[in-house]
Amino acid sequence: MVSEPFTSGTEDPPTLMRRIMNRGSAENWDIVVALTDLPLHSHGRKLAVNLNHEHGLALLSLPSLGGLRLQTRARRAVEEAVLGMASPHTDGAEGTPRSQPPPGPSDNRLAPFHPGRTDEKETDDLRFVVSGPRGYLRVLAGMVRANRPWRLVPGLSKALAAALATGAVATVNSTVWTLASYLSTPRLVIATVGSVALMIGWLIIDAELWHRSPESSPEARQRARLYNTSTVVTVGIGVLVCYVGLMVINWVWALFILNDQAFAAVTRTPLDAEEYVTLSWFVASVATVGGALGSGLESDDAIRAAAYSKREQERRHRLQADHDDQSASESEKRR
């Protein structure tokens, strides 16, 4: 068994299958199983597994396995694909040997996958697709996991520094004490939602994370919606992690620096546990806005590196390069 990285350079399943076939033939491999962390689409459907039993090829899209227990699910899917292609059985209609495909929807591990026969022009003879709202959410969860949203916080060092500085100053500001003491819970929730939404929007717009498909086909628009949704969820999770971290840090800072007599003299409210939580909560919202402004100091590449997986970055670099080449060609034609 040989395991090695393989850069696809494309999202087109037939092209991927042909490249896998050529690689397998060049290396004289009996069975080739290729894994990708990009979602695959064909004819408006989200692909989970593409199989070619004649040549012993399998292409597995990892996002279709969801965001939980990915390694276990991937290992099982690979085992089923290999066993299915390595175990021939007889077709009752013609008596010819044919490889048995992996278990279908009756298997609880592949419950959302529905097999469908492909066109003769395709390089695969059997595919499993993900369908329905549950399948969409599963692919989305897999894409978000591949992006690893928890890396967003340490990846944005300048924005985090700006947020921490804003929170430290706001915690000792008497005007902030007064505002926090009079804010109700609904208003604190509104402040949280507003600051988090501002941070998400600013990161997406400033770093140009929003995907615009150059194609106008329904499948391209559907793919663009899926990518943009995964971007919003990825950045949103990262910002929420940052928000909770800021709230905890501000709470610890307030415990250390605030004086109950000074606080009571300004707000006419005793500095109890509830006031500590309220103040930390409000300051976290203020600090998040400061972090959004500080993110403007980050380079676009740093934000993309923090928000996306390596394969997703390669995909976006390739799309940008294609767009630049197309723009250059149009400029040459005008001349």
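From a predicted model like this one, the values you see are computed outputs, not experimental measurements.
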*Of all heavy-atom pairs between Gly66 and Arg73, which one has the smallest distance, and what is that distance?*
CA-NH1, 4.1 Å
*Heavy-atom closest contact (Pro63 atom, Pro39 atom, distance)*: CG-N, 3.9 Å
*Taking side chain as C-beta onward, heavy atoms only, is Trp210 less than 4.5 Å from Thr231?*
no
*From Leu60 CG over to Glu80 CD, what is the distance, rounded to the nearest 0.5 angstrom?*
10.5 Å
Please tabulate, for the side chains in residues 246-256, all donor-acceptor contacts under 3.5 angstrom to protein atoms that are two or more places apart in sequence or on a different chain.
unit_1	atom_1	unit_2	atom_2	d
Asn250	ND2	Leu246	O	2.9
Trp253	NE1	Ala168	O	3.3

*asked:* Same cluster or not: Phe282 versus Tyr182, using hydrophobic residues (I, L, V, M, F, W, Y) connected whenever any side-chain heavy atoms lie under 4.5 Å apart?
replied: no
*Evaluate the side-chain proximity of Val169 to Val176: yes if any heavy-atom separation is below 4.5 Å, no if none is.*
no
*From Leu51 CG over to Met17 CE, what is the distance, rounded to the nearest 0.5 angstrom?*
7.0 Å
*asked:* Please determine whether residues Trp202 and Val232 belong to a single hydrophobic cluster, defined as Ile, Leu, Val, Met, Phe, Trp and Tyr linked transitively by side-chain heavy-atom distances below 4.5 Å.
replied: no
*Should we count CG of Leu68 as having more than 12 external heavy atoms under 6.0 Å?*
no
_Straight-line distance of Ser64 OG to Leu140 CG, nearest 0.5 Å_ = 13.0 Å
*Say you draw a straight line from CG of Leu258 to CG of Leu271; how long is it, rounded to the nearest 0.5 Å?*
6.0 Å
*Are Val266 and Leu279 connected in a single hydrophobic cluster, I mean Ile/Leu/Val/Met/Phe/Trp/Tyr linked by side-chain heavy atoms less than 4.5 Å apart?*
yes
_To check you understand the geometry: which heavy-atom pair defines the closest contact between Leu160 and Cys242, and what is its length?_
CD1-SG, 4.1 Å
*Kindly compute the distance separating OG1 (Thr178) from CG (Leu183), expressed to the nearest 0.5 Å.*
10.5 Å
*Do you reckon Val193 sits in the same ILVMFWY cluster as Val277, going by side-chain contacts under 4.5 Å, direct or chained?*
yes
*Given side chain to side chain contact (heavy atoms under 4.5 Å, CB included), test Thr234 with Leu209 step by step and report yes or no.*
CA-CA 11 Å; Thr234 298; Leu209 302 182; over 6 Å; no
*asked:* Under the rule for side-chain contact (heavy atoms from CB on, under 4.5 Å), what residues qualify as partners of Leu198, not counting sequence neighbours?
replied: Val289
*Search all heavy atoms of Ser285 against all heavy atoms of Ser195 and return the closest pair with its distance.*
O-CB, 3.4 Å
*asked:* Quick check: do Val241 and Pro149 have side-chain heavy atoms less than 4.5 Å from each other?
replied: no
*Using the side-chain hydrogen bond (donor to acceptor under 3.5 Å, both in side chains) rule, collect all pairs that involve residues 261-283, keeping only residues at least two apart or in two chains.*
Thr192-Trp281, Tyr243-Trp281
*Under the side chain to side chain contact (heavy atoms under 4.5 Å, CB included) criterion, do Arg23 and Val32 qualify, and how do the steps go?*
CA-CA 9 Å; Arg23 186 61 179 275; Val32 182; over 6 Å; no
*asked:* Can you tell me how far apart CG (Leu65) and CD (Gln71) are? Round to the nearest 0.5 Å.
replied: 12.0 Å
*Is it the case that one hydrophobic cluster holds both Val239 and Val189, taking links as side-chain heavy atoms less than 4.5 Å apart, direct or via other members?*
yes
